[in-house]
Amino acid sequence: MPELPDVEVFKGYLDATALHQEITDVAVRSRQVLGNVSSQKLTDHLEGRRFESTRRHGKYLFVHLDSGRWLVLHFGMTGFLKYFKAMDDEPAHARLLVNFANGYHLVYDSQRKLGEVDVTEDIQKFIEKKKLGPDALDPDLDFDAFSKAFFKSRAMVKSALMDQQLVAGIGNIYSDEILFQAGVHPRTKVARLGEEEKRTLFDAMKEVLQVAIEHRVNSEEFPSNYLLPHRRKGEECPRCHGEIDTIKISGRTAYYCPRCQQQ
DNA sequence: ACATTGACCTGAGAGC
DNA sequence: TGCTCTCAGGTCAATG
């Protein structure tokens with residue numbers, strides 16, 4: 001799940017549920033998801049504190065503690081959050097359990113343990129250390145700011161969109177949708193994009209991510225000309241009704257329409 | 001500098 | 001039913 005739009009939805013979920021309550025205790029169910037923090041340190045940082053607010057950069061969610069530190073959550077391929085009361089409702093792969101004084105619990109679940117839980121004092125420093133580029137939906141990221149790094153890339157456009165150092169937040173799924181909306185073939189070299197195509201690509205990036213968030217990431221409710229609801233083998237293109245094709249790009253499967261997205 | 005591959009992990013689904 | 005194989009929305013390191 002977790003690309004930028006998914007993480008933005010998780011952010012809204014956490015904001016609506018788990019803020020301002022005292023954390024009584026926490027349980028680290030899997031140390032493998034911990035970044036540069038030990039189980040003991042994480043516990044010490046959280047217990048007795050409250051979550052006060054959240055921020056997102058790319059695929060990372062930062063949760064501000066009343067101590068001034070930030071809990072960092074990255075969701076890998078399978079991560080999500082769940083807030084619940086009865087322990088019967090605990091999800092199957094809880095890796096971090098946070099218990100609140102009001103009797104509710106927040107779980108960070110990650111089946112494949114590919115995500116990361118960490119603590120940082122300074123978001124900016126964390127972002128620099130991870131070498132993350134600008135957040136794709138940052139309002140300050142206009143076309144000129146985006147162009148600075150992105151169009152210098154010599155990579156294929158799908159790889160560039162997924163490169164978190166160039167622009168943060170886009171993964172395999174949404175890069176496919178952005179390229180479909182822009183009518184650009186995923187193997188196109190960034191350097192070969194024309195001026196108009198560059199604009200179109202940038203606009204599609206902003207539009208697709210925004211639309212996904214507006215529909216709370218539920219692809220069934222996406223506009224009828226979107227690829228994602230049809231992103232399966234043998235399905236047809238919502239625009240030309242030809243067959244969707246797949247190719248491998250840097251080990252990931254790209255879905256695209258060979259007629260609407262010519263190289 | 002970039003593309004590819006495998007590793008990290010676990011589980012779902014397909015095919016036999 | 002049970003086994004094996006392949007694949008999965010991410011990232012990192014090694015190799016060509």
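Residue numbers start from 1 in every chain, and the chains themselves are labelled A, B, ... in the order their sequence lines are given, proteins ahead of strands. Excluded from the calculations below are hydrogen atoms, water molecules and symmetry mates; all remaining heavy atoms, backbone and side chain alike, are included.
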**Request:** Can you tell me which residue pairs pass the side chain to side chain donor-acceptor pair (under 3.5 Å) test with a partner in residues 142-152 of chain A, sequence neighbours excluded?
**Result:** none

**Message:** Between A:Lys198 and A:Glu195, does any side-chain N to carboxylate O distance fall below 4.0 Å?
**Reply:** yes

**Prompt:** Under 6.0 Å between the ring centres of A:Tyr83 and A:Tyr104?
**Reply:** yes

**Message:** Taking C:dT4 as the reference, what is the distance to B:dC9 when you measure between their P atoms (whole Å, please)?
**Reply:** 22 Å

**Request:** Take atom CD of A:Glu3 and atom C1' of C:dG9, then tell me their distance rounded to the nearest Å.
**Result:** 5 Å

**Request:** Find the distance A:Gln165:CD to C:dG10:C1' and express it as a whole number of Å.
**Result:** 14 Å

**Request:** Rounded off to whole Å, could you give me the CG-to-P distance for the A:Asn218 and C:dG9 pair?
**Result:** 18 Å

**Item:** Near-ring test A:Phe80/A:Tyr13, centroid separation under 6.0 angstrom
**Value:** no

**Message:** Would you call the rings of A:Phe100 and A:Phe51 parallel, tilted or perpendicular, taking 30° and 60° as the class edges?
**Reply:** perpendicular

May I have the list of side-chain donor-acceptor pairs in residues 114-123 of chain A shorter than 3.5 Å, sequence neighbours left out?
residue  : atom : partner  : partner atom : Å
A:Glu116 : OE1  : A:Lys130 : NZ           : 3.2
A:Glu116 : OE2  : A:Lys130 : NZ           : 3.4
A:Asp118 : OD1  : A:Asn36  : N            : 3.4
A:Asp118 : OD2  : A:Asn36  : N            : 3.1
A:Thr120 : OG1  : A:Asp122 : N            : 3.3
A:Thr120 : OG1  : A:Asp122 : O            : 3.3
A:Glu121 : OE2  : A:Arg69  : NE           : 2.9
A:Asp122 : OD1  : A:Gln124 : N            : 2.8
A:Asp122 : OD1  : A:Lys125 : N            : 3.1

**Asked** Between A:Lys130 and C:dT11, does any side-chain N or O lie under 4.0 Å from OP1 or OP2?
**Response** no

**For atom CZ of A:Arg231 and atom C1' of C:dC7, their distance in whole Å** = 12 Å

**Prompt:** Under 4.5 Å between side-chain heavy atoms, hopping through other hydrophobics if needed: is there a path connecting A:Leu61 to A:Leu106?
**Reply:** yes

**Message:** How many whole angstroms separate atom CZ of A:Arg252 from atom C1' of C:dG10?
**Reply:** 6 Å

**Message:** Between C:dT6 and B:dT5, how far apart are the two P atoms, rounded to whole Å?
**Reply:** 15 Å

Short N/O separations, protein against nucleotides 3-6 of chain B, under 3.5 angstrom:
residue : atom : partner  : partner atom : Å
B:dA3   : OP1  : A:Met156 : N            : 3.0
B:dT4   : OP2  : A:Ser250 : N            : 3.2

**Prompt:** Using Watson-Crick and G-U wobble pairs whose two distances are both under 3.5 Å, how do you write the pairing of DNA chain C as dot-bracket, with | for links to another strand?
**Reply:** .|||||||.|||||||

**Prompt:** Would A:Tyr60 and A:Phe126 count as a close aromatic pair, with their ring centres under 6.0 Å?
**Reply:** yes

**Request:** Answer yes or no: is there a side-chain heavy-atom contact under 4.5 Å between A:Asn225 and A:Phe180?
**Result:** no

Sequence neighbours excluded and cut-off under 3.5 Å, please list the side-chain donor-acceptor pairs for residues 214-223 of chain A, or say none.
residue  : atom : partner  : partner atom : Å
A:His215 : ND1  : A:Glu221 : O            : 3.1
A:Asn218 : OD1  : A:Glu220 : N            : 3.2
A:Asn218 : ND2  : A:Glu221 : OE2          : 3.2

**Message:** If you compare every side-chain N and O of A:His74 against the phosphate oxygens of C:dT11 (OP1, OP2), does one of them come in below 4.0 Å?
**Reply:** yes

**Request:** If the plane angle is over 60° it's perpendicular, under 30° parallel, otherwise tilted; pick one for A:Trp70 and A:His64.
**Result:** parallel

**Message:** In this structure, how many angstroms lie between the C1' atom of C:dT11 and the CG atom of A:Asn172, rounded?
**Reply:** 13 Å

**Request:** Provide, to the nearest angstrom, the distance between the CG atom belonging to A:Leu166 and the P atom belonging to C:dG10.
**Result:** 16 Å

**Asked** Say you pick atom P in B:dA7 and the same atom in C:dC5; how far apart are they, in whole Å?
**Response** 16 Å

**Prompt:** Parallel, tilted or perpendicular: which fits the ring planes of A:Phe75 and A:Tyr108, with parallel below 30° and perpendicular above 60°?
**Reply:** tilted

**Request:** Indicate, with a heavy-atom threshold strictly under 4.0 Å, whether A:Ser110 touches base, sugar-phosphate, or nothing.
**Result:** nothing

**Message:** Tell me the interatomic distance from A:Leu4, atom CG, to C:dG9, atom C1', rounded to whole angstroms.
**Reply:** 13 Å

**Asked** Using a cut-off of 4.0 Å on non-hydrogen atoms, how would the nucleic acid contact of A:Gln164 be classed: base, sugar-phosphate, or nothing?
**Response** sugar-phosphate

**Request:** May I ask you to evaluate whether A:Thr78 reaches the phosphate of C:dA8, defined as a side-chain N or O under 4.0 Å from OP1 or OP2?
**Result:** no

**Request:** Using a 4.0 Å cut-off on protein heavy atoms (strictly under), produce a 5'-to-3' string for nucleotides 9-15 of chain B with B for base contact, S for backbone-only sugar-phosphate contact, and - for none.
**Result:** BBS----

